[in-house]
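Before any comments, here is the structure.
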Protein chains: 2
Amino acid sequence: MAAKKRAETMAENREKLIAAARKAFARKGFAAASMDELTAEAGLTRGALYHNFGDKRGLLAAVVNRIDGEMAARARAIGARRDDPWEGLLAEAEAYIEMALEPEVQRIVLLDGPAFLGDPSQWPSQNQCLVATQELVERLVASGFLKPVDPEAAARLLSGTALNAALWIAASEKPAEILPKAVEAFRVLATGLLAPAGAK
Amino acid sequence: MAAKKRAETMAENREKLIAAARKAFARKGFAAASMDELTAEAGLTRGALYHNFGDKRGLLAAVVNRIDGEMAARARAIGARRDDPWEGLLAEAEAYIEMALEPEVQRIVLLDGPAFLGDPSQWPSQNQCLVATQELVERLVASGFLKPVDPEAAARLLSGTALNAALWIAASEKPAEILPKAVEAFRVLATGLLAPAGAK
DNA sequence: TTATTTAACATACACACCGTATGTCAAAAC
DNA sequence: GTTTTGACATACGGTGTGTATGTTAAATAA
């Protein structure tokens, strides 16, 4: 065996570093995580890190991008299971809320990400999610199911509300008790978008 | 003149440090701000800082507490100007949205605060904004004007939605164009809380 | 196959920063 | 007037990031 191609081992090393960074960032937070420890746990040194990611923020960006992509895929899959588009939208948002129970998501994506990388809506991965829900809102508005709101604004506030609900849950001592209340409140708020019955 | 009392100069120094920290944190972010520069600009040294605030996080906590208090006071004053409690609530939330346009608020309270101090609702300042809106929601629910939602959940998501709208606006290139769309979408979402007409 | 180049990564170093331990001096207490 | 307190300055150690330099194995060319 062996006969490792060069690009192959490089990809493996990137994988190792991202995996180690996920654990370290989730446990210690981005600022307190040491790059020496990170790379040591991955069986490498800081040299590999700076060569692959440029600097510490570059590594964070890669990790955030990875997790965010996974979240989007999961949420989309859940939303797609519903026949009714509106219920699909709600299910997708609720999936996001529940994902924030995971410490990795909470610490890295919801807290350190915005603080060190800037506005999430400018992230490549987040954009996909936003664009998707925005298109869905556009369709629902065009069909008269929703009030004639600005689709971009509605999509952003919806996802932002879900995000905040997630943060609340994640920070509480008894997430299991909070979760249903948060989901219920989210649904109530979301109904504000619905067109009055019979408006067509 | 002169004859400064001891406690007096100490209070002045705390004031100077908090003021310098506000500027530095807002411009560089908490992590990148240097305590040496901070204290030098205030005409003091790190000795004063550690004596007064314990450590770097202690200083951030003091700054956040200060700004948070100012925000609560401003929002409450604006909300109190309305006769209708529901309109007062909306006005208060919109005031928050606009306040988040200020870099100090956005950077320190909305980004670095949660990242380095933890969940806002557990801050010593107890996030006065949240407490205030929660009480208002409780009254409106009791009077039957709103659906019987959980007041804490409703208040959390309302303020969270306002917060997110503010972040969106602040990050955009043309805030002036976005602001009305964000406010409108916020109002639409908020109407989801209203009890059906004629429900008493 | 052998020589040469490339580049992925390791090693070594310089600099900045936080936190603490110690020192100093003016104001308060007696 | 002497002593004591404590608010703040100074000095030091440890840690961590980023960069400059070195090394070696894979890729390329002769």
Side-chain angles (χ1 to χ4, degrees), chain A residues 1-64 107-108 112-113 115-117, chain B residues 1-21 23-64 108 112-113 115-117:
Chain A
M1 61 146 290
K4 287 277 185 66
K5 295 288 181 198
R6 199 165 195 200
E8 192 177 338
T9 68
M10 193 179 175
E12 287 176 10
N13 284 342
R14 282 180 60 97
E15 236 22 65
K16 285 188 206 167
L17 288 173
I18 290 180
R22 272 176 85 142
K23 272 200 291 187
F25 290 167
R27 280 193 28 217
K28 306 208 164 200
F30 174 71
S34 160
M35 320 249 307
D36 278 326
E37 286 184 19
L38 268 195
T39 51
E41 179 159 338
L44 297 166
T45 69
R46 285 213 327 272
L49 213 162
Y50 280 91
H51 190 76
N52 279 293
F53 301 100
D55 61 352
K56 197 180 180 183
R57 281 182 62 220
L59 179 59
L60 176 61
V63 171
V64 163
R107 177 83 240 184
I108 301 177
D112 286 338
F116 290 97
L117 299 178
Chain B
M1 62 144 291
K4 289 275 184 66
K5 296 287 183 198
R6 198 159 195 204
E8 194 177 336
T9 67
M10 192 179 177
E12 287 176 10
N13 284 342
R14 282 181 61 96
E15 239 16 69
K16 284 188 206 166
L17 288 173
I18 289 181
K23 273 199 290 187
F25 291 166
R27 279 192 30 215
K28 307 209 164 197
F30 174 71
S34 161
M35 320 251 306
D36 278 326
E37 286 184 19
L38 268 194
T39 50
E41 178 160 338
L44 297 165
T45 69
R46 288 214 323 278
L49 214 163
Y50 281 90
H51 190 76
N52 278 293
F53 301 101
D55 62 353
K56 198 180 181 183
R57 283 182 61 220
L59 178 60
L60 176 62
V63 172
V64 163
I108 301 177
D112 286 337
F116 290 97
L117 300 178

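Throughout, a chain's letter reflects where its sequence line sits, starting with A, and its residues are numbered from 1.
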- Mind checking side chain to side chain donor-acceptor pair (under 3.5 Å) for A/E15 and listing every partner two or more places apart, or none if nothing turns up? A/R66
- Note on the structure: With sequence neighbours left out, the residues meeting salt bridge (Lys or Arg N to Asp or Glu O under 4.0 Å) with A/R14 are none
- B/K28 atom NZ is separated from C/dC18 atom P, nearest whole Å, by 11 Å
- Task: Can you measure from CZ (A/R107) to CG (A/D112) and round to the nearest 0.5 angstrom?
- Result: 4.0 Å
- Task: Give every residue pair that meets the salt bridge (charged side-chain N to carboxylate O under 4.0 Å, His left out) criterion with at least one member in residues 43-54 of chain B, sequence neighbours excluded.
- Result: B/D36-B/R46
- Query: What string of B, S and - do you get for nucleotides 13-25 of chain D, 5' to 3', when a contact is any protein heavy atom under 4.0 Å?
  - Reply: ---SBBB------
- Query: Taking only side-chain nitrogens and oxygens of A/N52, does any of them come within less than 4.0 Å of OP1 or OP2 of C/dC9?
  - Reply: yes
- Query: For A/E12 and D/dA26, what is the distance between atoms CD and P respectively, to the nearest whole Å?
  - Reply: 13 Å
- Query: Just how far, in rounded Å, is P of C/dC17 from CG of B/L49?
  - Reply: 14 Å
- Message: Show me the pairs that pass ring pair (Phe, Tyr, Trp, His ring centres under 6.0 Å) and involve residues 5-26 of chain A, at least two apart or across chains.
- Response: A/F25-A/F30
- Whole-Å distance separating the NE2 atom of A/H51 from the C1' atom of C/dA10: 12 Å
In residues 48-55 of chain B, what donor-acceptor pairs under 3.5 Å come from side-chain atoms, sequence neighbours left out?
residue, atom, partner, partner atom, Å
B/N52, ND2, B/A48, O, 2.9
B/D55, OD1, B/G58, N, 2.9

